[in-house]
Number of protein chains: 2
Amino acid sequence: MAKFTAAELEVIEILWREGELSATQIEEHLARPITNSSIRSILTILLDKGHLSRRKVGKAFLYKAKTRPESAFTTAYRRLVDAFFRGSTEAFLAHLIERENLSEAELLNLKRLGERNPEGKGKNKS
Amino acid sequence: MAKFTAAELEVIEILWREGELSATQIEEHLARPITNSSIRSILTILLDKGHLSRRKVGKAFLYKAKTRPESAFTTAYRRLVDAFFRGSTEAFLAHLIERENLSEAELLNLKRLGERNPEGKGKNKS
DNA sequence: TTCCAACTGCGGTATTTTCCGCAGATGAGA
DNA sequence: TCTCATCTGCGGAAAATACCGCAGTTGGAA
């Protein structure tokens with residue numbers, strides 16, 4: 001069960017997006033400013049937990065996510081549905097549809113979209 | 001921005017459901033066993049953060065959620081969509097639809113369900 | 001009125017999270 | 001080869017989290 005703290009998520013999320021980065025590169029991608037030192041601490045934690053792999057290139061390490069976003073997503077998703085919809089996916093979806101004010105056409109379109117592209121997740125670099 | 005830790009969420013979620021409870025009553029509603037003392041610590045934290053109000057009835061305090069579940073939901077939801085779908089609600093929905101393997105009929109049904117009952121959340125007290 | 005279970009405030013501890021600085025290693029260019 | 005900016009490992013510290021026990025107060029039944 002892949003569970004991340006806020007800081008961990010900030011970091012690994014970038015790796016999901018970008019693929020393979022050094023601590024310094026991650027620093028550049030971060031929305032919020034964090035010292036390089038701190039980033040490396042977080043990277044070490046993620047490494048220890050087995051969520052990352054890394055390899056040395058030149059004098060720097062490049063880090064890469066080993067844990068896939070799906071796994072973390074499922075955990076976070078379950079938590080959300082459990083907490084706010086008593087575990088009912090239906091209630092959750094109904095709520096979202098209403099919240100986003102989706103028409104029938106838009107809905108069916110989303111469905112087709114999902115079918116066409118069965119990997120709509122954090123990455124898409126072919 | 002209403003953000004809760006795991007333990008805090010466990011507690012306030014019960015209050016969203018049940019309305020107004022004492023520490024002891026919360027203890028009874030908890031899935032996981034936590035000492036009454038610990039529950040009170042969490043309640044105090046939530047109180048300090050302004051998420052709860054309380055009033056004395058008899059010798060016990062009754063706690064009530066001040067922060068509404070919608071607010072917390074929105075925060076958690078945004079976090080989820082941002083982290084895993086780059087902020088795209090569409091991508092998120094498409095993914096869910098596929099994940100749950102919903103037919104067109106089921107989808108339209110969900111939409112009707114949402115319209116009929118425009119407060120699909122944890123509570124509904126007018 | 002006395003007594004007791006129930007409840008509170010307070011203080012405390014272990015763990016996790018978040019963050020940082022420093023000393024030393026290292027690769028690339030002068 | 002020497003220099004230096006860059007990167008690392010290590011250690012540590014402050015804050016938040018998650019828990020709990022104890023001494024003392026109190027409402028209400030006997």
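A note on names: the letters A, B, ... follow the listed sequences, proteins ahead of strands, and every chain is numbered from 1.
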Rounded to whole Å, please give me the gap between CG in L43(A) and C1' in dT18(C).
13 Å
Looking across every strand, which nucleic acid part, if any, lies under 4.0 Å from K56(A) by heavy atom: base, sugar-phosphate, or nothing?
nothing
To the nearest angstrom, the NE2-P distance between H51(A) and dT17(C) comes to 10 Å
Measure CG/L46(A) against P/dC19(C) and give the value in whole Å, please.
13 Å
A side-chain contact here means heavy atoms from C-beta on lying under 4.5 Å apart; do I26(B) and N36(B) qualify?
no
Within the structure shown, what part of the strands sits under 4.0 Å from T35(B) by heavy-atom distance: base, sugar-phosphate, or nothing?
sugar-phosphate
Is the shortest side-chain N/O distance from T5(A) to OP1 or OP2 of dT18(C) below 4.0 Å?
yes
OP1 or OP2 of dT18(C) versus the side-chain N and O atoms of S41(A): is any pair under 4.0 Å?
no
Tell me: CD of E27(B) to P of dA6(C), nearest whole Å?
11 Å
Would you mind writing out the side-chain donor-acceptor pairs for residues 47-54 of chain B within the sub-3.5 Å range, not counting sequence neighbours?
from: K49(B); atom 1: NZ; to: E8(B); atom 2: OE1; distance (Å): 3.3
from: K49(B); atom 1: NZ; to: E8(B); atom 2: OE2; distance (Å): 2.9
from: H51(B); atom 1: ND1; to: T67(B); atom 2: OG1; distance (Å): 2.6
from: R54(B); atom 1: NH1; to: Y63(B); atom 2: OH; distance (Å): 3.0

Minimum heavy-atom distance between I12(A) and A65(A), given as atom pair plus value
CG1-CB, 4.1 Å
Taking the side chain as every heavy atom from C-beta outward, state whether T74(A) and R99(B) have any atom pair closer than 4.5 Å.
yes
Let me know the distance between CD1 of I39(B) and P of dA6(C), rounded to the nearest Å.
15 Å
With a 4.0 Å cut-off on heavy atoms, is T24(B) in touch with a base, just the backbone sugar-phosphate, or nothing at all?
sugar-phosphate
Considering only heavy side-chain atoms of K59(A), the closest of dA6(C), dG27(C), dC19(C) is dG27(C)
Roughly how many Å is it from CD1 in I42(A) to C1' in dT16(C), rounded to a whole number?
13 Å
Should F73(A) and L80(B) count as side-chain neighbours, where that means a heavy-atom distance under 4.5 Å?
yes
Where chain B begins and ends its contact with DNA chain D, read 5' to 3' at 4.0 Å from heavy atoms:
dT17(D) to dG27(D)
Per nearest nucleotide of DNA chain C, the residue lying toward the 5' end, S37(A) or A6(A), is A6(A)
Which atom names give the shortest non-hydrogen contact between A72(B) and F4(B), and what distance separates them?
CB-CE1, 3.3 Å
Mind checking I45(A) for me? I need base, sugar-phosphate or nothing, with any heavy atom below 4.0 Å counting as a touch.
base
If every non-hydrogen atom of L110(A) is compared with every non-hydrogen atom of A94(B), which pair is closest and at what distance?
O-CB, 3.7 Å
Please tell me which of N36(B) and K3(A) maps to the more 5' nucleotide of DNA chain C, matching each residue to the nucleotide holding its nearest heavy atom.
N36(B)
Distance check needed: dT18(C) C1' versus R40(A) CZ, whole Å only.
15 Å
